[in-house]
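Accompanying notes for the structure given below.
Not measured: the values here are computed from a predicted model. Numbering of ligands and ligand atoms starts at 1, following listing order.
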Amino acid sequence: MRFPAIKPIAALGLTVLLVQPPVYDIVITNARVVDGTGASWYRGEVALKGDTIVEVATRVSGTALRIIDAGGQVVAPGFVDTHTHARRGIFEVPTADNYVRQGVTTLIEGPDGGSPVPLAPFLEKLAALQKSVNIGSFIGQGSIRSAVIGDADRQATPEEIQKMQGLVEQGMKDGAFGMSTGLFYVPGTFTPTTEVIELAKVAARYGGIHTSHQRDDASKVLDSVRETIAIGEGGGLPTQVTHHKIIGRANWGRAVDTLKLIDDARARGVDVTSDQYPYTASSTSVGSALIPAWALEGGRQQVRARLEDPATRARVKDGAVIMIRDERGGGDPKNVQLASCGFDPALAGKTLADVTKMRGMEVTIENAAEATLWIVEQGGCQGVFHAMSEDDVDRIIRHAATMIASDGEIPIFGRANPHPRSYGTFARVLAVYVRDQRTLTLEDAVRKMTSFPAARMRIMDRGILRPGMKADLTIFDPATVRDTATFEKPHSYATGFSHVIVNGVAVFENGAMTTARPGVVLYGAGKSK
Ligand SMILES: [Zn+2]
């Protein structure tokens with residue numbers, strides 16, 4: 001009998017003890033092992049003890065407290081998501097069901113230039129939280145700039161740069177994985193590249209990376225990729241084009257050129273990579289997406305004052321018309337869907353065309369721009385913007401230097417109308433891009449979700465199924481795995497996953513979350529002891 005139950009050892013001599021077989025906490029049998037490296041799967045078994053993988057072999061010998069028969073399914077490392085907005089929800093839903101149920105075991109927060117400043121209290125609060133998943137964070141350049149000079153459109157003084165560098169240093173010592181920028185957003189958009197580089201140099205000293213929500217993913221996307229590369233080169237650190245995408249019909253096809261920029265930079269020795277979510281719609285605030293950045297300077301009061309002045313309002317509206325026609329608006333008010341609106345929750349799910357009609361106007365781009373200004377005046381909404389092409393998504397996902405990241409959050413189940421990426425990103429890649437379209441091999445897709453993002457974050461003890469690595473694993477059926485969340489019905493869990501294990505403990509099995517909360521906070525290399 002393999003894996004006999006453990007018998008107490010009574011009064012045995014040393015020689016007998018030496019021949020006792022190892023005792024494992026969990027052995028996963030009858031699995032197709034996709035080890036995270038990209039290597040072809042092999043039939044095998046994985047043994048866990050405590051929070052660690054202790055054996056991976058075609059046949060593991062020893063005793064086990066528990067055997068999980070994978071029934072021929074895939075066992076893979078737990079997925080590592082390097083771009084999440086998990087602080088939207090982690091304290092309300094510390095089980096992070098939407099992520100766990102698609103195999104994700106590690107979430108990285110603080111993207112797009114936005115993080116708590118200072119970082120330490122946030123990480124301490126996370127450490128005290130009983131949670132199902134591992135979590136870490138970047139320090140955000142936008143939040144730092146906001147703390148030091150507010151949301152003003154001006155250059156920083158040398159003293160202010162020093163102050164901001166001090167805050168980056170503190171963030172890295174607190175355990176950030178690097179510095180994120182959101183040069184598309186206020187106040188990131190007011191930051192010259194040279195200033196970002198001065199801050200990036202500090203993150204570099206502590207082993208951090210730079211990840212950028214770029215200044216422009218539409219008509220100026222090539223310049224933006226050049227800037228992301230320049231920040232890596234000038235700052236002396238790895239740099240990442242996060243949620244790599246091409247916005248606006250007029251720009252479709254430019255992924256050919258953005259990927260060439262990445263290839264050329266890599267060829268000359270610049271450490272640049274990208275990540276992507278597998279959807280042709282993006283999500284952010286309606287204001288950021290459809291109003292020119294200059295009009296958003298200084299916060300809500302100043303924005304309202306601008307919109308009350310007829311001449312300025314007309315200029316803002318002109319900008320909005322262009323952004324609806326050529327950029328995130330996708331050329332049609334129907335392509336903008338509201339995700340959540342603080343001032344009127346009933347608007348969630350409605351399109352900008354619906355709101356235009358509700359405001360008593362005919363649906364034209366001009367009138368939709370007027371409705372957009374009204375939304376911003378009311379306090380704004382989060383939106384979903386259908387403005388990308390499947391061909392570009394496909395080109396980017398195929399690229400060897402692209403990893404998978406959701407850009408999602410932890411929704412309250414059933415509340416608002418969020419982008420389905422929060423529930424579906426990883427399952428969708430496995431279903432659509434591996435099984436249905438054969439764009440990626442199973443092994444390469446898993447690599448893009450495990451060893452690649454883990455190594456990018458310098459998390460060297462996760463992301464590969466090897467003895468000595470932390471026991472984060474997922475078991476799924478490659479024939480049935482599927483995202484079920486859609487833009488119309490986003491609150492729907494992925495299917496096809498049977499087990500998710502975090503630090504050696506099952507957090508999901510038999511179709512349900514367990515009561516275990518084994519997640520830990522992960523820290524970057526710069527963390528002071
Ligand atoms: Zn972003």
Side-chain angles (χ1 to χ4, degrees), residues 81-89 99 107-116 136-146 176-191 196 209-218 220-221 224-225 227-228 231 239-248 251 255 258 272-291 293 296 323 327-330 336 339-340 380-388 392-393 396-397 402-411 418-422 425 453 456-457:
D81 191 340
T82 60
H83 187 137
T84 80
H85 297 270
R87 73 180 190 271
R88 292 187 202 145
Y99 279 117
L107 305 173
I108 305 297
E109 237 289 346
D112 300 335
S115 76
S137 186
F138 293 108
I139 184 82
Q141 177 268 338
S143 301
I144 285 178
R145 197 177 209 267
S146 204
F177 282 98
M179 182 178 82
S180 74
T181 53
L183 304 182
F184 168 72
Y185 293 107
V186 171
T189 186
F190 306 137
T191 316
V196 178
I209 78 163
H210 165 250
T211 176
S212 184
H213 181 137
Q214 302 191 124
R215 210 174 279 277
D216 185 315
D217 288 328
K220 297 191 198 70
V221 66
S224 294
V225 172
E227 181 178 37
T228 301
I231 292 165
T239 188
Q240 180 139 325
V241 176
T242 197
H243 48 51
H244 192 167
K245 57 172 153 339
I246 310 292
I247 301 250
N251 309 306
T258 58
V272 54
T273 51
S274 74
D275 61 70
Q276 181 196 35
Y277 51 80
Y279 295 89
T280 52
S282 59
S283 179
T284 189
S285 73
V286 169
S288 307
L290 302 181
I291 299 276
L296 299 170
M323 291 167 93
E327 298 185 8
R328 268 187 178 69
V336 176
S340 63
C381 303
Q382 287 290 118
V384 172
F385 307 88
H386 296 265
M388 291 181 243
D392 282 329
V393 171
I396 293 167
I397 207 168
T402 303
M403 64 189 75
I404 308 303
S406 70
D407 193 11
E409 59 194 57
I410 301 174
H419 193 298
R421 64 195 180 190
S422 295
T425 290
R456 195 64 177 150
M457 307 304 292

### Task
Report the relative orientation of the aromatic rings in His213 and Tyr185; use parallel for angles under 30°, tilted for 30 to 60°, perpendicular for over 60°.
perpendicular
### Query
Would you find a donor on one side and an acceptor on the other, under 3.5 Å apart, between the side chain of Thr284 and the backbone of Ala289?
no
### Query
Taking the side chain as C-beta and beyond, is there a heavy-atom pair between Ile209 and Phe177 under 4.5 Å?
no
### Query
Could Arg421 and Tyr279 be counted as a cation-pi pair, given that NZ or CZ must be under 6.0 Å from the ring centre and within 45° of the axis?
no
### Query
By residue and atom, what protein N/O/S atoms are less than 2.8 Å from the Zn ion (ligand 1)?
Asp112 OD1, Asp112 OD2, His213 ND1, His243 NE2
## Note on the structure
Rounded to the nearest 0.5 angstrom, the OG1-CD distance for Thr239 and Glu227 is 9.5 Å
#### Entry: Glu109: partners by side-chain hydrogen bond (donor to acceptor under 3.5 Å, both in side chains), with sequence neighbours left out
Arg87
